[in-house]
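The block underneath contains the structure these notes are about, expressed in structure tokens.
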There are 2 protein chains.
Amino acid sequence: MARESGRARSAAGGSATILQVAEAAGVSRQTVSNVINAPHRVRQETRERVERVIGELGYHPNRVARWLRVSSPGMIGYRIRPVAEESVASIHDRFLHTLAEFGEASDHHVLVFTASDTEEEADRCTALCRTGTVSGVVLYDLTPYDTRPDRLTAAGVPFVAFGRTAAGADRYSWVDVDNSAGTAIAVDHLVAAGHRRIGFIGWPEGSSVGDARARGWLEAMDRHGLLAGSHRLDVRGPDTMSSGTRLMSELLDRPSPPTGVVAATDTLGVGALHAVRDRGLLLGRDIAVVGFDDTPAASALGLTSLRQPIEEVGQLIITELVRLTGRDTEDAAAAPMNRLLEPDLVARASTVPGR
Amino acid sequence: MARESGRARSAAGGSATILQVAEAAGVSRQTVSNVINAPHRVRQETRERVERVIGELGYHPNRVARWLRVSSPGMIGYRIRPVAEESVASIHDRFLHTLAEFGEASDHHVLVFTASDTEEEADRCTALCRTGTVSGVVLYDLTPYDTRPDRLTAAGVPFVAFGRTAAGADRYSWVDVDNSAGTAIAVDHLVAAGHRRIGFIGWPEGSSVGDARARGWLEAMDRHGLLAGSHRLDVRGPDTMSSGTRLMSELLDRPSPPTGVVAATDTLGVGALHAVRDRGLLLGRDIAVVGFDDTPAASALGLTSLRQPIEEVGQLIITELVRLTGRDTEDAAAAPMNRLLEPDLVARASTVPGR
DNA sequence: GATTTCGATTTTATCGTTCAACATGCCATT
DNA sequence: AATGGCATGTTGAACGATAAAATCGAAATC
């Protein structure tokens, strides 16, 4: 029975250390470590004895010490944004929850931080990584000409993005939702319900998400032959409820107003619903509205919406980031992962009166 | 000029180590450490030389190594919850953002984790603390008979709560918002606008927040002498929009319906707005509605609401938690902090037609 | 002139863990 | 009988930082 030289002392956190467990179980430090990290290397009898002592002493390995040794904090950085005024909800918090959940499954934690813009975000990511606080970061909501990928690549910060840039996107890993497919599905849904004049309420051009959603509407309309000759029923404005209400009114004031409308977000969609109610129109019968993002507000108001597979996005991103930051060199050198997922339409009363 | 024995090697994160800086500057490790943590101990000339080298090498001290040595990870744990269905918004994400922001100001980071209920939350907090991953945690939304304070106290996990339990709340640190004062302010606001029959839409009894908000309405009504003889205009139901709409309809169907209504949350308040619209009543003139929490939905819909001073809550909580987890023993032993803050009324069109 | 004081810096020890290398004993090959 | 492999354990050396003690030279004091 070997004995360690130093005497056992209580750890700072009040928890036992691996050395105390080793002494109590009459084995060496490393054997305790093996019981935890590589149980197959330890004889069953020894393992059980050590495990019993671990239980008695309430030992939990100190993660910080572990991180230092293996030089990889199981920590993922993510920038949280201030809540947008006038927006009913975003999928931002749903995404964060998913990251945390799948991160835990891979023994990783999520560290959140704030930044006033994407440039500061990139700087903070770099600092967090350099100081060894996080092993990698997740980027949210990439714009077409986002500078974050290049900055982080240059700084050697491992990252995976939700969304992608217009160019060079094959050089880094990303997961994106096919926004244009989403609005196309919405158009198909409305066409199947008999609608022919289908409008679109979107954001001003320049954002990758907004432009893709507008393109999906346009292409689907064209595919159904519904653009020919008719005036294009699309309007643009900021992503707020009041803007949605105003834009919807504008559409309804046209000489031949739409009978169905695709909104680029639930916020705009909910705003549109108000315009419909204000005019005393019957939702789902006189006019149908489809939103995007399937936020709680949509389900509360019966707004048909497009649900992004956030859970799958989160899972893929975490898996990829764990791969990138893993110690397996050949693994990390593999080609970046690029995945495009399809949203699902959740039909509600705003397009199907019965529901 | 002393020289360290080991040869300099590049750190895992790609960043330089303190040893490399020391060698490049021709000083010992400790001097570099002092330049960073106790500049006054270093002669100006030496300090400037070391600082220049730090800049040239882009050195950032490795936080993980620092945490191990000082046995206090500058990390705060916080449980994030899944987004509630049918709820337009909560202040949960605003609170998280505030925590992150003020945490950064105190050189602390926020680690988020998930849990399915408060018991699992307490267990995870304990594990996070025992493994040295966090130095303390923040609890959100305490219920009257919450078990978390006792569990964490027993486990020796430092924590500060937003909210408080019915009993034993003087034994731990908390910050709370005076919910009953909030609804009382709402009643005062409506009375000042000439309303006499003022209703209340709340949650079923049993939650500390919900009960306090109901009590505030009741006490303020009594103070204004508006309860005498009249039928009490209060109804209860789950915290969803559809519930708000239904409860509001119920109130409007009474023989002598209210002209003003205080809702326990913006979600219920927004639901109530729909009932008002459905009946063609003019909001702010025929009937006034006040919500609670000042969520983006309230500002979007012109719903007068009570704003909780979340920023102040977050700041107080972080400051207290940093004190509790600090290495200053006498500081940590001081009496717990108990602070009750007042919400503010934000007047909008739902009570003041002009706005 | 010897001693003390003090500021500036270095040396030593340590935080709690895991990696790499090396013992040891036992069994199957050769 | 020597060799190799496998299962099981142990030991020394990191990981990168900081606290505490030790050193050293110069100035101040006795």
Side-chain angles (χ1 to χ4, degrees), chain A residues 1-23 25-47 49-50 57 59-74 130-133 327, chain B residues 1-23 25-47 49-50 54 59-74 130-133 327:
Chain A
M1 189 193 289
R3 184 140 304 188
E4 294 281 349
S5 55
R7 77 174 191 288
R9 57 178 62 94
S10 71
S15 181
T17 72
I18 199 171
L19 190 54
Q20 291 174 305
V21 174
E23 288 185 5
V27 293
S28 69
R29 294 177 315 234
Q30 188 60 39
T31 300
V32 179
S33 175
N34 284 336
V35 166
I36 296 167
N37 300 306
H40 60 277
R41 289 194 185 171
V42 184
R43 192 158 30 116
Q44 180 171 356
E45 181 196 325
T46 314
R47 190 172 66 224
R49 188 170 76 244
V50 171
L57 270 60
Y59 168 72
H60 292 254
N62 184 312
R63 276 197 131 75
V64 173
R66 174 171 213 287
W67 292 340
L68 177 61
R69 189 59 182 87
V70 305
S71 69
S72 153
R130 280 221 205 296
T131 60
T133 313
R327 282 178 299 163
Chain B
M1 186 194 289
R3 184 141 302 188
E4 295 280 349
S5 56
R7 75 174 191 288
R9 59 178 62 94
S10 70
S15 180
T17 73
I18 198 172
L19 188 55
Q20 292 174 304
V21 174
E23 287 186 4
V27 295
S28 70
R29 286 179 315 228
Q30 188 62 36
T31 301
V32 179
S33 174
N34 285 336
V35 167
I36 296 168
N37 300 304
H40 60 277
R41 289 193 186 170
V42 184
R43 190 156 34 110
Q44 180 170 357
E45 180 195 325
T46 313
R47 189 172 66 225
R49 189 170 75 244
V50 172
I54 288 178
Y59 168 71
H60 293 253
N62 184 312
R63 277 196 128 77
V64 173
R66 176 171 209 285
W67 292 339
L68 177 61
R69 189 60 182 84
V70 305
S71 71
S72 153
R130 280 220 203 297
T131 59
T133 313
R327 281 179 298 165

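Residue numbering restarts at 1 for every chain, and letters A, B, ... go by the order of the sequence lines. Owing to the predicted nature of the structure, the values given are computational and were not obtained by experimental measurement.
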**Message:** Strictly below 4.0 Å: does Arg41(B) bring a side-chain N or O up to OP1 or OP2 of dA8(C)?
**Reply:** no
**Asked** Atom CG of Asn34(A) to atom C1' of dT18(C): distance rounded to whole Å?
**Response** 9 Å
**Prompt:** Arg43(B) side chain N/O closer than 4.0 Å to the phosphate oxygens (OP1, OP2) of dT9(C)?
**Reply:** yes
**Fill in**
All heavy atoms of Val64(B) vs all of Gly132(A), minimum pair found to be CG2-O, 3.1 Å
**Prompt:** From dA17(D), dG9(D), dT18(C), pick the nucleotide closest to the side chain of Thr46(A)?
**Reply:** dG9(D)
**Request:** Search all heavy atoms of Thr131(A) against all heavy atoms of His60(B) and return the closest pair with its distance.
**Result:** CG2-CB, 3.6 Å
**Request:** Please check the phosphate of dT11(C) (OP1 and OP2 only) for any side-chain N or O of Ser28(B) closer than 4.0 Å.
**Result:** no
**Request:** Could you tell me the separation between the CG atom of Asn62(B) and the C1' atom of dA14(D), rounded to a whole number of Å?
**Result:** 14 Å
**Closest-nucleotide ordering on DNA chain C, the 5'-leading residue of Val64(A) and His40(B)** = His40(B)
**Prompt:** Under 4.0 Å between a side-chain N or O of Arg69(A) and OP1 or OP2 of dG16(C)?
**Reply:** no
**Prompt:** Are the side chain of Arg49(A) and the backbone of Ala25(A) linked by a donor-acceptor contact shorter than 3.5 Å?
**Reply:** yes
**Fill in**
Which of dT10(D), dT12(C), dT18(C) is nearest the side chain of Thr31(A)? It is dT10(D)
**Prompt:** Within the distance-only criterion (no hydrogens, no angle test), does the side chain of Gln20(B) pair as donor or acceptor with the backbone N or O of Thr17(B) below 3.5 angstrom?
**Reply:** yes
**Fill in**
Heavy-atom nearest pair, Arg63(A) first then Thr133(B), reads CD-OG1, 3.0 Å
**Prompt:** Using a cut-off of 4.0 Å on non-hydrogen atoms, how would the nucleic acid contact of Val42(A) be classed: base, sugar-phosphate, or nothing?
**Reply:** sugar-phosphate
**Euclidean distance, atom CG of residue Leu19(B) to atom C1' of dT10(C) [Å, nearest integer]** = 14 Å
**Request:** Using atom CD of Gln30(B) as one end and atom P of dA22(D) as the other, report the distance to the nearest whole Å.
**Result:** 15 Å
**Request:** Would you mind reading off the distance between Arg47(B) atom CZ and dG7(C) atom P, rounded to a whole angstrom?
**Result:** 15 Å
**Asked** Once you round it to whole Å, what is the distance between P of dT9(C) and CD of Gln44(B)?
**Response** 12 Å
**Request:** Send over the distance from Asn37(A) CG to dC19(C) P, rounded to a whole Å.
**Result:** 7 Å
**Message:** Nearest whole Å is fine: how far is dA14(D) P from Leu68(B) CG?
**Reply:** 17 Å
**Request:** Considering just the side-chain nitrogens and oxygens of Ser33(A), establish if one lies under 4.0 Å of OP1 or OP2 belonging to dT18(C).
**Result:** yes
